[in-house]
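Remarks on the structure that follows.
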Amino acid sequence: MFAEELKSLRRLGFRHVLLQILNFASVLASGLMIWKGLGLVTNTESPIVVVLSGSMEPAFYRGDLLFLTNPPNTRYQTGDITVYKIPGQDIPIVHRVLETHDVVKKVKGVRESEPRPENQLLLTKGDNNYADDVELYQGLEWLQRQHIVGKVRGFLPYVGYVTIAMNDFPQLKYALLGGLGLLALIQRE
Amino acid sequence: MHSVYARINNVSATLSTSLMILLAAIACSSFLFTANPTGSVNISSVKVFSAEARRYPNRQQEFAFVDFNITADLSPLFNWNTKQLFVYLEAQYTNTQGVQNEVVIWDRIVVRKEDALLNYAGKNKYPFRELSKKFKNIPPANYTLKYNLMPYVGLLTYGEAARTTAPVAFPLAKERVE
C-alpha cells in the first residue's frame, strides 16, 4: 500500500523531506503564534475554551466554543459569564456571576476612596445547578478576581466537540496527527 | 489535478469557508435587531431575619427577604438568532464601609418567545446576605431587572429592562416571623 508512496519519497530526495518538515513546523509555529497573540490582545491565558460540562445548559452545551476576554482594570458585573480556575483545581469552570462585592481596601491604615477592580469578590453559579459555587472554591469564601481567566464574549456551537472526542479517544488524536504528518511529507507541491 | 484527494480538499475547503462566512453573517445580523424593551419592578416588602450562617452553624448572620412584582414584555428581544434570555433581578447598594454590592436575588431562563411576557410576583430565589453579616444601618438598595441575550452564534449582549423608581430601605432585623 505504502510502497508507491515510499518510492516517490525516495525519488523526491532528502531535501524535499526536510522542506516538508520545515513547512509542517511553520504551520505549527504560526498556530501557536496566533494563539499566544490572541492571548496577549485579550489578556487571558486561554482566549478560547471548550465547554466540558453541562452545568450551564441550556446556554452552553458540551463542546461549545467560547471566546474570552479579560480586560485589566475593569470590574465584573452580575450576569457576566466567567471562566475561573482556582489553585488546586485542574479544570477551568464556566459559570455565571451572581454576586459582586467591590471591596475598599485599606492601604497603610488609610481607606482608599474608590474600590479597585482587583479587590473584587465574586460569587458564581452554573445556570443548570441548584446551588451556588461556594463548595467549588476549595475552602475560599468568595471567588477573587485573580482566579478569573476571562469573561465569555462570543459563542460558537459544537465546534469544540472535536477536542472532547480527542480527549475521550486518544487513538483518534494520534491517528489525526500521524495522518497529517504523513500527508505533509508525501505531498508533492 | 483531478485526483480524488484534490477534489475532497477543494470541496471541504469551499464548504468550510462558506459555513464560516454564513456563521459570521448570522452573528453580525444580531446587530440589526435593536430592541430595547422596558418593564417595571415593584418591591412590595423587605424583611430581615437573623439565622445561622451557611458554613458556620454556630454563627449568626442576617438574611434579607424581598417580595417583588415584575412585569416586562421581553418578546421583542427574540429574533432568529436568539437562543435564550437570562433575566435577573439584582439589588445594588453601597454599604457603610464603601463596599459596592450587586446581588442577584432572582433569575429566570426564557427559551421561547411565548414565555417572554414576564408577569411574576414572588420572593427572592437566592439568599440575600451582606458582607458585614448585618443589614443594620445599610443604606437603601436599588433593584434592577436586567437581561442577558444569548445568540445561537455570536456575541452575548446585556441590557436593563426596569429599575425601581426610588431606593428601598432595609428594615431592622426581626427576631421571629410574624
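Throughout, a chain's letter reflects where its sequence line sits, starting with A, and its residues are numbered from 1.
Of the N and O atoms on the side chains of B:T82 and B:N79, at least one donor lies less than 3.5 Å from an acceptor on the other residue.
At a threshold of 4.5 Å between non-hydrogen side-chain atoms, the residues A:L68 and A:T42 do not count as touching. Contact annotation: the side chain of A:E99 approaches that of A:W142 to within less than 4.5 Å [non-hydrogen atoms, C-beta and beyond].
Proximity to chain A is limited to the side chain of B:E90, based on heavy atoms less than 4.5 angstrom apart. When heavy atoms are compared at a cutoff of 4.5 Å, A:P115 approaches chain B solely by way of its side chain, counted from C-beta outward. For B:E102, the parts lying near chain A are the backbone and the side chain together; criterion is any non-hydrogen pair under 4.5 Å. Of the two parts of A:E141, the backbone and the side chain both hold a non-hydrogen atom closer than 4.5 Å to a non-hydrogen atom of chain B.
A salt bridge is absent between B:E62 and B:K136; no separation between the charged side-chain nitrogens and carboxylate oxygens falls under 4.0 Å.
Taking the six-membered ring where tryptophan is involved, the planes of B:Y93 and B:F135 are tilted, since the angle between them lies from 30° to 60°.
Residues from residues 147-157 of chain B that place a non-hydrogen atom less than 4.5 Å from a non-hydrogen atom of chain A comprise B:N148, B:M150, B:P151, B:Y152, B:V153, B:G154, B:L155, B:L156, given in numerical order.
Test A:T124, A:N70, A:D102 against A:Y76 for side-chain hydrogen bond (donor to acceptor under 3.5 Å, both in side chains) and you get one pass: A:N70.
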Residues 16-32 of chain B, side-chain donor-acceptor partners within the protein, below 3.5 Å, at least two apart:
unit_1 : atom_1 : unit_2 : atom_2 : d
B:S16  : OG     : B:S12  : O      : 3.0
B:S16  : OG     : B:A13  : O      : 3.1
B:T17  : OG1    : B:A13  : O      : 2.5
B:S18  : OG     : B:T14  : O      : 2.7
B:S18  : OG     : B:L15  : O      : 3.0
B:S29  : OG     : B:I26  : O      : 2.6
B:S29  : OG     : B:W80  : NE1    : 3.2
B:S30  : OG     : B:N81  : ND2    : 2.8

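Residue with the most contacts toward chain A among B:K146, B:R129, B:K125: B:R129 (heavy-atom pairs, distance under 4.5 Å). Here A:D80 is the residue among A:D80, A:L121, A:L123 with the most heavy-atom pairs under 4.5 Å with chain B.
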>> For A:E118 and A:K105: C-alpha separation, side-chain torsions, deciding distance, then whether salt bridge (Lys or Arg N to Asp or Glu O under 4.0 Å) applies.
In response: CA-CA 10 Å; A:E118 56 264 41; A:K105 278 266 159 74; over 6 Å; no

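Aromatic ring centres of B:Y126 and B:Y88: separated by at least 6.0 Å.
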